[in-house]
2 protein chains.
Amino acid sequence: MVTKARMQPKVRDREKTERAILDAVGRIILRDGLGAVGINAVAREAGADKVLIYRYFGDLDGLYRAYAEAGDFWWSVEDMLEAAGDAPTLGAALKAGLRHHAAEMRKRPVTLAVIAAEPANRTALVVALEEVRERRSLELMKAVADRYGAPEGADLAALTALLAAAIDYLLARARTIRVYGGVEIKTEQNWERLFATIDAMIDGALAPARPKGRKRP
Amino acid sequence: MVTKARMQPKVRDREKTERAILDAVGRIILRDGLGAVGINAVAREAGADKVLIYRYFGDLDGLYRAYAEAGDFWWSVEDMLEAAGDAPTLGAALKAGLRHHAAEMRKRPVTLAVIAAEPANRTALVVALEEVRERRSLELMKAVADRYGAPEGADLAALTALLAAAIDYLLARARTIRVYGGVEIKTEQNWERLFATIDAMIDGALAPARPKGRKRP
DNA sequence: GGCTTTTGTCACCATACGGTGACATATACC
DNA sequence: GGTATATGTCACCGTATGGTGACAAAAGCC
């Protein structure tokens with residue numbers, strides 16, 4: 001009779017196991033995308049039995065929530081204000097802030113992977129990150145208004161929403177494609193081009209409304 | 001002995017079956033997202049045996065390609081130029097064009113669903129739509145340059161890429177969320193607000209570069 | 001020492017997936 | 001009419017998934 005060799009049992013350390021599981025989630029998101037995260041895949045990647053995932057995190061959603069709490073997925077408002085620094089005008093602060101935003105996102109490839117999967121894959125992790133985004137943008141709006149006052153005749157929330165949406169989307173897309181609408185989006189150099197245009201757009205949106213027909217030079 | 005009742009065989013009509021299968025693809029994308037499209041799901045939804053999918057389309061990629069060819073996923077350049085109509089300036093044409101773009105996208109929920117899944121789900125259908133997008137934007141750039149000439153000191157490609165990215169992304173996100181960055185994005189009315197800001201951004205990006213320090217009113 | 005709890009391992013289950021071979025029969029062609 | 005082909009139906013296969021119950025043994029507690 002063939003007796004199956006039992007696996008050499010791991011040393012018992014719940015903390016370590018939990019960390020291994022959470023790390024595995026990050027690696028899978030990065031390598032195969034958020035959609036590839038599943039109980040079996042995580043257990044395999046972590047080298048832990050899947051029953052432990054159920055025991056420690058309840059279910060996949062619980063695991064997502066734990067992962068969302070453990071990770072660093074976003075810039076903080078303080079960081080952002082510091083990046084804007086002593087910008088003399090609201091426009092300058094916005095330009096610096098959006099550059100900072102892009103740089104911080106680039107530093108967090110897992111966040112970009114989640115953003116890429118957001119519209120298609122409404123998991124608890126996605127919801128958690130969306131909440132962070134909304135909270136941050138509200139805080140930031142408030143802080144900016146305190147410092148610079150409300151811009152006259154301009155819609156600051158719409159402006160930042162549009163530009164942040166474009167930046168997030170293009171950064172996420174750059175993970176898999178090289179060109180969008182004829183513009184290279186992969187490298188940081190290419191983004192200089194985009195930021196030049198973004199700067200001009202900001203100036204336009206914050207400029208006092210011009211009377212019609214004054215555009216021709 | 002129990003004899004299983006055979007299914008009442010369908011009338012034999014390959015064309016009709018193929019259409020039923022392709023229609024099923026669209027319904028699934030719309031209802032459950034691009035990620036839910038699979039051989040079994042499509043066969044079930046179409047009420048056809050899955051072996052017919054293999055026979056008629058080869059495999060899932062072949063099915064995607066057939067679906068991409070059969071469908072109407074995008075505006076045509078002629079339509080777009082007509083929408084811009086007799087806009088007197090490049091800026092006016094751009095504003096009208098982007099509004100047209102958004103309206104046309106809204107009319108094509110399947111396209112929006114595919115865009116939503118694009119970053120996460122690189123199927124043959126996604127690739128096909130990406131190709132359409134790139135081809136269209138190049139054609140359009142050319143047509144615009146022919147009519148209005150190249151804008152001085154402005155990066156037309158970057159400008160349209162950024163604004164189209166923001167619009168596509170927010171429209172796709174509006175399928176599942178209500179607010180982005182504090183701005184409502186669900187209804188067409190809410191979009192009026194966004195378009196007002198987009199107009200100002202376009203004016204800014206197309207305005208001749210202003211000398212520095214001239215911003216304070 | 002003896003007991004309970006915690007951690008880890010393993011063997012299952014039902015379900016769904018993509019994919020294939022075998023068969024039945026309506027239709028088209030000679 | 002007779003035959004080949006196209007269309008449709010069904011029964012499988014191997015694999016993977018999410019999920020659970022049973023067991024072994026280390027760690028903690030009295």
Side-chain angles (χ1 to χ4, degrees), chain A residues 1-25 28-29 31-67 117 121-125, chain B residues 1-25 28-29 31-67 117 121-125:
Chain A
M1 183 184 176
V2 185
T3 50
K4 201 161 185 183
R6 277 231 156 195
M7 192 101 257
Q8 169 86 349
K10 297 250 169 71
V11 282
R12 307 200 165 193
D13 185 339
R14 172 165 180 168
E15 256 188 78
K16 196 174 163 187
T17 303
E18 289 191 355
R19 234 179 306 123
I21 291 172
L22 291 175
D23 288 352
V25 173
I28 293 176
I29 292 177
R31 173 164 26 90
D32 309 314
L34 182 57
V37 175
I39 294 288
N40 287 309
V42 170
R44 210 179 309 127
E45 177 78 25
D49 197 287
K50 60 179 169 180
V51 85
L52 300 180
I53 301 179
Y54 288 110
R55 280 225 270 264
Y56 297 155
F57 300 99
D59 58 359
L60 205 59
D61 259 29
L63 179 58
Y64 280 135
R65 278 190 292 271
Y67 183 72
N121 215 312
R122 194 154 185 75
T123 62
L125 178 56
Chain B
M1 183 187 179
V2 183
T3 50
K4 202 162 186 183
R6 277 228 155 198
M7 194 100 257
Q8 169 85 347
K10 297 251 170 70
V11 283
R12 305 193 166 195
D13 185 340
R14 173 165 179 169
E15 257 186 76
K16 198 173 160 186
T17 304
E18 290 190 355
R19 234 179 304 123
I21 292 172
L22 292 175
D23 288 352
V25 173
I28 294 175
I29 292 177
R31 173 164 26 91
D32 309 314
L34 183 58
V37 175
I39 294 288
N40 287 310
V42 171
R44 209 180 308 126
E45 176 78 25
D49 197 287
K50 62 179 167 180
V51 85
L52 300 179
I53 300 179
Y54 288 110
R55 281 225 270 263
Y56 298 155
F57 301 99
D59 59 0
L60 204 60
D61 259 29
L63 178 58
Y64 281 134
R65 278 189 293 271
Y67 183 73
N121 215 312
R122 194 156 185 72
T123 62
L125 177 57

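Proteins come first, then strands; the chains are lettered A, B, ... in the order of their sequence lines, and each starts at number 1.
Between the CZ atom in R65(A) and the CG atom in D59(A) there is a gap of 6.5 Å [rounded to 0.5 Å]. The distance from atom CG of D23(A) to atom CD of E45(A), rounded to the nearest 0.5 Å, is 9.5 Å. If you take CZ on F57(A) and CD1 on I39(A), they are separated by 10.0 Å, rounding to the nearest 0.5 Å. Atom CG of L125(B) and atom CD1 of I29(B) lie 5.0 Å apart (nearest 0.5 Å). Distance CD1/I53(A) to CG/L63(A): 6.0 Å, rounded to 0.5 Å.
Residues of residues 46-65 of chain A having a heavy atom closer than 4.0 Å to DNA chain C, listed by number: D49(A), V51(A), L52(A), R55(A), Y56(A).
Here N40(A) reaches the OP1 or OP2 of dG18(D): one of its side-chain N or O atoms lies under 4.0 Å away. Remark: T17(A) is not in phosphate contact with dT7(C), judged by side-chain N or O atoms under 4.0 Å from OP1 or OP2.
Within 3.5 Å, a donor on the side chain of R12(B) pairs with an acceptor on the base of dT25(C), or the reverse.
Closest approach of A24(B) to V42(B), counting heavy atoms only: CB-O, 3.9 Å.
One atom, CD of E45(B), and another, P of dC17(C), lie 13 Å apart when rounded to the nearest Å. Spacing between atom CD of E18(B) and atom C1' of dG8(D) amounts to 14 Å, rounded to whole angstrom units. Atom pair R14(B):CZ and dT5(D):P shows a separation of 16 Å (rounding to whole Å applied). Remark: P of dG8(D) and CG of D13(B) are 7 Å apart, rounded to the nearest angstrom. We find that CD1 of I28(A) is positioned 14 Å from C1' of dA16(D), with the value rounded to whole Å.
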